[in-house]
Protein chains: 2
Amino acid sequence: MRRKRDAQAEAETRKDAPLRSDAQRNRERILEVALAELTRSADAPLSAIAKKAGVGQGTFYRNFPNREALVLEVYRYEVQQVADTAAQLLATRAPDRALREWMDRLAQYAMAKAGLADAMRRATCSRGSLAGLGHAPLTSAITLLLAANEEAGTVRPGVTPDDFLLAIAGLWQIDPHSDWQARAARLLDLVMDGLRAGARQR
Amino acid sequence: MRRKRDAQAEAETRKDAPLRSDAQRNRERILEVALAELTRSADAPLSAIAKKAGVGQGTFYRNFPNREALVLEVYRYEVQQVADTAAQLLATRAPDRALREWMDRLAQYAMAKAGLADAMRRATCSRGSLAGLGHAPLTSAITLLLAANEEAGTVRPGVTPDDFLLAIAGLWQIDPHSDWQARAARLLDLVMDGLRAGARQR
DNA sequence: TTGCTAAGCGGACAGGTGTCCGCTAGGTTC
DNA sequence: GAACCTAGCGGACACCTGTCCGCTTAGCAA
């Protein structure tokens, strides 16, 4: 086996392990069930998801150490899409309008997918900063938008994705019921103004 | 008894019930123990606190329906003090400097008292908006600061305490370990700039 | 005092999260 | 195919939160 491993690919020795076939199947079944259950009720018991997926608690928690890991993974595809929107928006609009519209979409998405905001919040804060796991796409989208705006002189220089995520943290606190639209708009307006302050262009 | 109640005070019929003596004692013992335990470890089990206080689960949860209710109450005195600072700062500084310094103190306090930021976060977000329970003092402090600044023309008109709390929500996400100072400062600078934008004075 | 009454007590219990560990079976080698 | 060996399984378990409900007792009236 040692020889086989060596031959195959040194790179995969540590991460992205090849995963045994049954493990792969289990993981996918869990995600499948989780999408259904979480859509139905954002705080569906993890144990119920495990049971419906036909796996033990141990298996479940080995794949997803906690709730937000699961949620982030379940919605990964969708999050990826939101992130991708950044580039499209930048191509068709002025940088500052693109940034603002992207934030609106992010808000809309976070409100739509119950439980996602929660996961985002936890992931954003808990460990250090944005060291989050499924954050990479979001972070790069933000970097893209900020860079474009900085260059256009519509956002003060030196704003990091971390700054940005902290600034919009209020989003994850808004209750998806009630009139989140108004509250989110006011928050995002304020953040935009904050970002603009100190920019070359005024 | 009915007659006695009527005679005593109609106002207290609903809220601020007079509380039976043993109830009073229990509540105080719980708070006492909670302060000690929470200082030691922010996520001390509530059940342990109840036990150390010598009360049953039921008694405990009747007094404090959940963790943040307890934390908010434990730190109420301290929170009150922070809130009070607002007036003092306004008396000795320009409104905008007072606002900024107050935010700094709030941040410092939130970072110092482990577990408080958590409670603030939950209280801020979960139910509706700032409908929070122990928020009243903070809210009025914020109102005070915003009004002074609006009048001085150093903050755009029409900002509500709710807006403000959402804007600084990032604070509660910062990890009290690591270098919170830098991250908080950057966030608060950004928020201040956002608040300033659109003000009369520039 | 004595008796009454409901406010308050407190422990058992239901339900959820996350961990641990002995066993199973997938993949590989011969 | 047989044998091995370990990645992965899965359920029992430990611990926590929050609820429920029969019992206790503080406070009042006579």
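Below, read A as the first sequence line, B as the second, and so on, with proteins coming before strands; counting in each chain starts at 1.
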* Asked: Is the phosphate of D:dT25, meaning OP1 or OP2, less than 4.0 Å from a side-chain N or O of B:R20?
  -> no
* Side chain proximity check, A:D193 to B:D193, heavy atoms < 4.5 angstrom -> no
Can you give me the N/O atom pairs linking the protein to nucleotides 15-18 of chain C at distances under 3.5 Å, or say none if there are none?
{"unit_1": "C:dT17", "atom_1": "OP1", "unit_2": "A:L46", "atom_2": "N", "d": "3.4"}
{"unit_1": "C:dT17", "atom_1": "OP1", "unit_2": "A:R67", "atom_2": "NH1", "d": "2.9"}
{"unit_1": "C:dT17", "atom_1": "OP2", "unit_2": "A:L46", "atom_2": "N", "d": "3.1"}
{"unit_1": "C:dG18", "atom_1": "O6", "unit_2": "A:Q57", "atom_2": "NE2", "d": "3.1"}

* **Side chain to side chain, B:R97 and B:L89, heavy atoms closer than 4.5 Å** => no
* Residues touching DNA chain D, which here means a heavy atom under 4.0 Å, drawn from residues 24-33 of chain B -> none
* To do: Run the salt-bridge test on A:R29 and A:E32 with the 4.0 Å N-O cut-off and return the result as yes or no.
  => no
* Asked: Taking 4.0 angstrom as the limit, do B:R25 and B:E28 come out as a salt bridge?
  -> no
* **Between P of D:dC9 and CG of A:N63, the distance in whole Å** => 7 Å
* **Value in whole Å for how far the P atom of C:dA12 lies from NZ of B:K51** => 10 Å
* Check whether any side-chain heavy atom of A:L70 sits under 4.5 Å from a side-chain heavy atom of A:I49, and report yes or no. => yes
* Structure fact -> By nearest-heavy-atom nucleotide on DNA chain C, the more 5' of A:S21 and B:R62 is B:R62
* Is any side-chain heavy atom of A:L72 less than 4.5 Å from a side-chain heavy atom of A:F64? -> no
* Taking side chain as C-beta onward, heavy atoms only, is B:L99 less than 4.5 Å from B:F164? -> yes
Cut-off 3.5 Å, no hydrogens considered: what does the side-chain donor-acceptor table look like for residues 103-113 of chain B, sequence neighbours left out?
{"unit_1": "B:D104", "atom_1": "OD1", "unit_2": "B:R100", "atom_2": "NH2", "d": "3.3"}

* Asked: According to a strict under-4.0 Å criterion, is A:T59 in side-chain N/O contact with OP1 or OP2 of D:dG8?
  -> no
